[in-house]
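Here is the structure we will look at, set down as structure tokens.
Lettering follows sequence order; numbering is per chain, from 1.
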There are 2 protein chains.
Amino acid sequence: MEKLTIPKKSIYRISIYLRCLGRLIENEIETVSSTALAKAAGVKPAQLRKDIAHFGQFGTRGLGYSVKDLYSEIKSAMGGSNYHRVILVGVGNLGSALLRYQGFMREGYQVVSSFDAVPQAVITKGLPVPVLAVDQMEPYIRENQIKIAILCVPREQAQEVTNELVAAGITGILNFSSSVLIAPDHVTISCVDLALELENLSYFVS
Amino acid sequence: MEKLTIPKKSIYRISIYLRCLGRLIENEIETVSSTALAKAAGVKPAQLRKDIAHFGQFGTRGLGYSVKDLYSEIKSAMGGSNYHRVILVGVGNLGSALLRYQGFMREGYQVVSSFDAVPQAVITKGLPVPVLAVDQMEPYIRENQIKIAILCVPREQAQEVTNELVAAGITGILNFSSSVLIAPDHVTISCVDLALELENLSYFVS
DNA sequence: TGGTGTGAAGTGGTTCACAGCA
DNA sequence: TGCTGTGAACCACTTCACACCA
């Protein structure tokens, strides 16, 4: 795919624009200028235009962008029309909290199954998703062609489980395990480390 | 403070180094080279040395760094010896999940109180932390000199609550609200947006 | 006139490569 | 010899500023 030329940071911001545009659609606003949208997204107008230009030219000079057009163009360029099935690995404290919460799952995303080393330990918790044993993980991923996994196992097992996930065909990992993961280049890893975020914050609070 | 010259990204990585060093101490390893530590942290050796150099010179040429010395130097430079009291605002689904979980709270950090617009709605959930009404928030922050807040309110209220927090003296916000927050420069905001992370991932998974 | 699209300039952070010291 | 500390080169992204067009 040729889309690899778009910088990672742009992609990230574009996700933000997409969300802002969605809100504009809800409010039935039809046109938006780069200045207005940039303000909503918390970036500079020029940057927004550059980001959007990666996908092509959608704006009308003197007027701005058509909210609907821009939304659907970006959405399709991001492959966002696809339906994404996601698995969660490691149903401990954090894992089960996330499964129960799921407030971050948007339209088009669904946690279809979860896996744990000791599934019987958690099976009674009344979770909205089946909890299977880890030895069923690889076949499950293969058969259902899952691409994205949420990783909530303890640090000690994180790398090992990652290796299994990658071997089974996972190419995107949302890593909650406070561990530095090593994976091939074609695998994208996003780390969410709350302890790190807090520690980082505490440096800046005078 | 003069420490503002250290780039944000360096600070973030230094938090990672600190964690790696902690693990080395546990394993009673006394000396580490930039190459080894960089590998553990997932960065390049030169970058690690540059990062560390921001605080001064701690290494011994030809040998490496003393694990203990480096750890305590960084820790003190980061103001990490302080005890950090943190509040959580918005005890909804996500907020209460975080309160119950708290696995991300490390030594030196504690959620001392939480606030919600409708505290009686959540007060029975058996949380390990008191839930107060939002109108008690400002005085609480002032009296206890809280500096860090975890923000879990719905998007619509996020900016308003942020303004109150800042007015009361908060200078660090961990923002879970999937909202772009506007705040003065002296306030540091870290966004944790799981929906965004997922959307972002889904772009890269082929 | 007003707002996009974009080459060019600027900025910040990364990597290199080597001097210098135990 | 081995590894740190660091100026210099490099690179990626950001911002500017203006041509161009509805």
Side-chain angles (χ1 to χ4, degrees), chain A residues 2-17 20-21 24 29-71 73-74 77 180 185 200 203-204, chain B residues 2-17 20-21 24 29-71 73-74 77 180 185 200 203-204:
Chain A
E2 81 303 324
K3 64 186 182 183
L4 286 181
T5 55
I6 305 177
K8 254 188 150 157
K9 287 187 173 180
S10 286
I11 297 296
Y12 197 86
R13 284 191 300 267
I14 284 165
S15 298
I16 301 177
Y17 306 153
C20 295
L21 287 168
L24 292 176
I29 292 164
E30 307 210 330
T31 308
V32 68
S33 70
S34 64
T35 313
L37 187 54
K39 198 170 183 181
V43 303
K44 294 248 162 80
Q47 182 162 68
L48 182 139
R49 292 200 297 274
K50 268 264 156 85
D51 286 340
I52 288 176
H54 282 122
F55 294 132
Q57 303 184 187
F58 306 113
T60 311
R61 294 176 194 228
L63 212 106
Y65 301 93
S66 152
V67 173
K68 271 190 187 169
D69 289 0
L70 187 56
Y71 182 87
E73 282 294 342
I74 292 181
V180 177
D185 284 345
N200 196 48
Y203 172 78
F204 293 101
Chain B
E2 81 302 321
K3 65 184 179 182
L4 287 182
T5 54
I6 303 179
K8 258 189 150 159
K9 289 187 173 181
S10 285
I11 297 296
Y12 197 86
R13 283 191 300 267
I14 284 166
S15 298
I16 301 177
Y17 307 154
C20 295
L21 287 167
L24 290 177
I29 292 164
E30 307 209 329
T31 308
V32 67
S33 71
S34 64
T35 311
L37 187 54
K39 197 171 184 181
V43 302
K44 294 249 164 79
Q47 183 162 67
L48 182 140
R49 293 201 296 273
K50 267 263 158 82
D51 286 339
I52 288 176
H54 282 123
F55 294 131
Q57 305 182 189
F58 306 114
T60 311
R61 294 176 195 228
L63 212 104
Y65 301 94
S66 152
V67 173
K68 271 191 186 168
D69 288 2
L70 187 56
Y71 182 88
E73 281 296 341
I74 291 182
V180 177
D185 283 346
N200 197 49
Y203 172 78
F204 292 101

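In this structure, A:His54 places its NE2 atom 12 Å from P of C:dG7, rounding to the nearest Å. In this structure, CD1 of B:Ile6 is placed 16 Å from P of C:dG12, rounded to the nearest angstrom. The CG atom of A:Leu37 sits 14 Å away from the P atom of C:dG3 (whole-angstrom rounding). Distance, A:Leu70 CG to C:dT4 C1': 12 Å, rounded to whole Å.
One finds the CD atom of B:Glu30 at 10.5 Å from the CG atom of B:Asp69 (value rounded to the nearest 0.5 Å). Atom OG1 in B:Thr31 sits 11.0 Å away from atom CG in B:Leu70 (nearest 0.5 Å). Between atom OH of residue B:Tyr65 and atom CD1 of residue B:Ile52 there is a gap of 4.5 Å, rounded to the nearest 0.5 Å. Interatomic distance, CG of A:Asp51 versus OH of A:Tyr17, reported as 3.5 Å (0.5 Å rounding).
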Can I get a per-line list of side-chain donor-acceptor pairs under 3.5 Å for residues 36-50 of chain A, giving both atom names and the distance, sequence neighbours left out?
{"residue": "A:Arg49", "atom": "NH1", "partner": "A:Ser34", "partner atom": "OG", "Å": "3.0"}

Enumerate the protein-to-nucleotides 19-22 of chain C contacts in which both atoms are nitrogen or oxygen and the separation is below 3.5 Å.
{"residue": "C:dG20", "atom": "N3", "partner": "B:Arg61", "partner atom": "NH1", "Å": "3.2"}

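At the phosphate of C:dT4, OP1 or OP2 sits under 4.0 Å from a side-chain N or O atom of A:Ser34. An OP1 or OP2 oxygen of C:dG13 is reached within less than 4.0 angstrom by no side-chain nitrogen or oxygen of B:Tyr12.
Residues forming a side chain to side chain donor-acceptor pair (under 3.5 Å) with A:Tyr12 (at least two apart in sequence, or on another chain): B:Glu197. By the side chain to side chain contact (heavy atoms under 4.5 Å, CB included) test, B:Thr60 is found to be paired with B:Leu63, residues two or more places apart in sequence or in another chain being considered.
Closest of all the heavy-atom pairs between B:Leu21 and B:Val67 is O-CG1, 3.8 Å.
Relative to the side chain of A:Gln57, the nucleotides D:dT6, C:dG5, C:dT4 differ in distance, and C:dG5 lies closest.
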Under 4.0 Å protein heavy-atom contacts per nucleotide of nucleotides 10-18 of chain D, with B for base, S for backbone only and - for none: ---SSBBB-
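Side-chain contact between A:Tyr203 and B:Ile14 is absent, with no heavy atoms from C-beta onward closer than 4.5 Å. Taking 4.5 Å as the limit, some side-chain heavy atom of A:Ile6 sits within range of a side-chain heavy atom of A:Phe55.
Note that the two end axes of the helix from C:dT1-D:dA22 to C:dA22-D:dT1 enclose an angle of 10°, each drawn from 5 base pairs, rounded to 10 degrees.
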